[in-house]
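I have placed the structure first, in the form of structure tokens, so that the comments after it can refer back to it.
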2 protein chains.
Amino acid sequence: MNEQLKCIGTPRFFPKGSFLFRQGDKINNLFFIQRGLLKAYYETLDGKEFIKSFIRDGEFIASLQAIVEGNPNSFTVLSLEDCSVLEVTKQALVDQIANNPALTQVVNSLLLKLAIKKERREYELLCMSPEERYLIFCERECEIFTRLSQNDIARYLGITPVALSRIRKRCRLVGGCQV
Amino acid sequence: MNEQLKCIGTPRFFPKGSFLFRQGDKINNLFFIQRGLLKAYYETLDGKEFIKSFIRDGEFIASLQAIVEGNPNSFTVLSLEDCSVLEVTKQALVDQIANNPALTQVVNSLLLKLAIKKERREYELLCMSPEERYLIFCERECEIFTRLSQNDIARYLGITPVALSRIRKRCRLVGGCQV
DNA sequence: TTAATTCATTAACTCAAGTTAAATAAAATG
DNA sequence: CATTTTATTTAACTTGAGTTAATGAATTAA
């Protein structure tokens, strides 16, 4: 979390189960998470949910497409726990960058980190089986793992809760994964 | 393609079927494509191929992880047609940015575009079926579609050529897709 | 033009994920 | 504590993708 951002942001509290923003909204804000846990997800017309990412303290969430291209936003962000966040408007960020060019570097490195994160997610969805994705998720996200429901984990992996339950059983039998 | 990049890049020619770089290499260069078509792909130990993206004129390809974090690069880039590219070293780019801060904006917008592109790919891999991915690919990439083999298209969609052939048959029967 | 090679389709079979519904288990509530 | 509600597991069945191998079509080379 950057100190310079704190100056231009508004602190906000979102109790567990509240929306930061929703699919279809016009968004012009970025949210820097200071405490808590959230999920960003797509919802289809027939009510299916696909979780894009979990966002935790130290990370930020924004709809690039909405902010940059002015499109209505394509996903929903919901708090899974009580959350303290810093809300920054696009305008405040742009103004601040004008005053303080060093901030461009900060934005640059955030974007770079985001691109790398998305590239890794692409790799996992493209090259790995649901079972492999589950195992690597247990390992890498072990800290938030216990704070999530099977349902949410399944929707993040791109499978149904039923399929995840079967995968967990398989892993238990093999003895590799005792989570 | 940015004029400022042209000054610091070296023009190179890659005939069809040659590698720009390979999985495992240490890369410090970015490549801006001026003409041609390439594929970037992951290769597994047992020889399976997964195509990360196709890159065409006006786009650039680089290994962010390799350049930023100094890791060995995780994918291979191969030319599918004769290609004219502009090779820019990380060092030249960094130097140029020091001299010319405006270039930071250029890099910023490239990164932003990349992040948005990856977000769209994430959406397709997470939320869409192989069949839906195929149909949207036909539609959106119709220009390069005819220049690609079924094999490469399948590996981009995350399925086997056999599965793609079956999908094409299904679509033909329905009559929706006559590609 | 033929032969060789590569690319695409089809068939038969296996396996894992989706779907629906029922059965447990766990958590929240009165 | 008992009850309700929610979360997770299991079962039975369907569907679609992977695998292997054979066939057919299109390209390339001789």
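Just so we're on the same page: letters track the sequence lines, and every chain starts at 1. These numbers were taken from a predicted model, which means no experiment stands behind them.
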[atom1] of [X] versus [atom2] of [N]: gap in Å, rounded?
| X | N | atom1 | atom2 | result |
| --- | --- | --- | --- | --- |
| B/R147 | C/dC7 | CZ | P | 18 Å |
| B/I153 | C/dT9 | CD1 | C1' | 15 Å |
| B/I159 | C/dA8 | CD1 | P | 13 Å |
| B/Y134 | D/dG16 | OH | P | 17 Å |
| B/M128 | D/dA17 | CE | P | 15 Å |
| B/E131 | D/dG18 | CD | C1' | 17 Å |
| B/L164 | C/dC7 | CG | P | 15 Å |
| A/I167 | D/dT8 | CD1 | P | 15 Å |

| Does A/R166 get its side chain close enough to the base of C/dG18, under 3.5 Å, for a donor-acceptor pair? | yes
Would you indicate, yes or no, if [N] has its OP1 or OP2 atom less than 4.0 angstrom from a side-chain nitrogen or oxygen of [X]?
| X | N | answer |
| --- | --- | --- |
| A/R170 | C/dA17 | yes |
| A/S165 | D/dT8 | no |
| B/K169 | D/dG16 | no |
| A/R168 | D/dT8 | no |
| A/R172 | D/dT9 | yes |

Counting only side-chain heavy atoms from C-beta out, which of [options] sits nearest to [X]?
| X | options | value |
| --- | --- | --- |
| A/V162 | C/dA17, D/dG18, C/dA21 | C/dA21 |
| A/N151 | D/dT8, D/dG18, C/dA8 | D/dT8 |
| B/K48 | D/dA17, D/dA11, D/dT19 | D/dT19 |

| field | Donor-acceptor side-chain pairing of A/R168 and A/Q150 below 3.5 angstrom | value | yes
| request: Look at the aromatic rings of B/F54 and B/F137 and report parallel, tilted or perpendicular, splitting at 30° and 60°. | output: tilted
| message | Which label fits B/Y42 and B/F75: parallel for a plane angle under 30°, tilted from 30 to 60°, or perpendicular past 60°? | response | perpendicular
| query | Just checking B/S149: base, sugar-phosphate only, or nothing, at a heavy-atom cut-off of under 4.0 Å? | reply | sugar-phosphate
| field | Passing candidate, side chain to side chain donor-acceptor pair (under 3.5 Å) with A/E119, options B/Q65, B/R121, B/K118, B/K52 | value | B/K52
| request: Among B/K117, B/R140, B/R133, find the one that has a salt bridge (charged side-chain N to carboxylate O under 4.0 Å, His left out) with B/E124. | output: B/R140
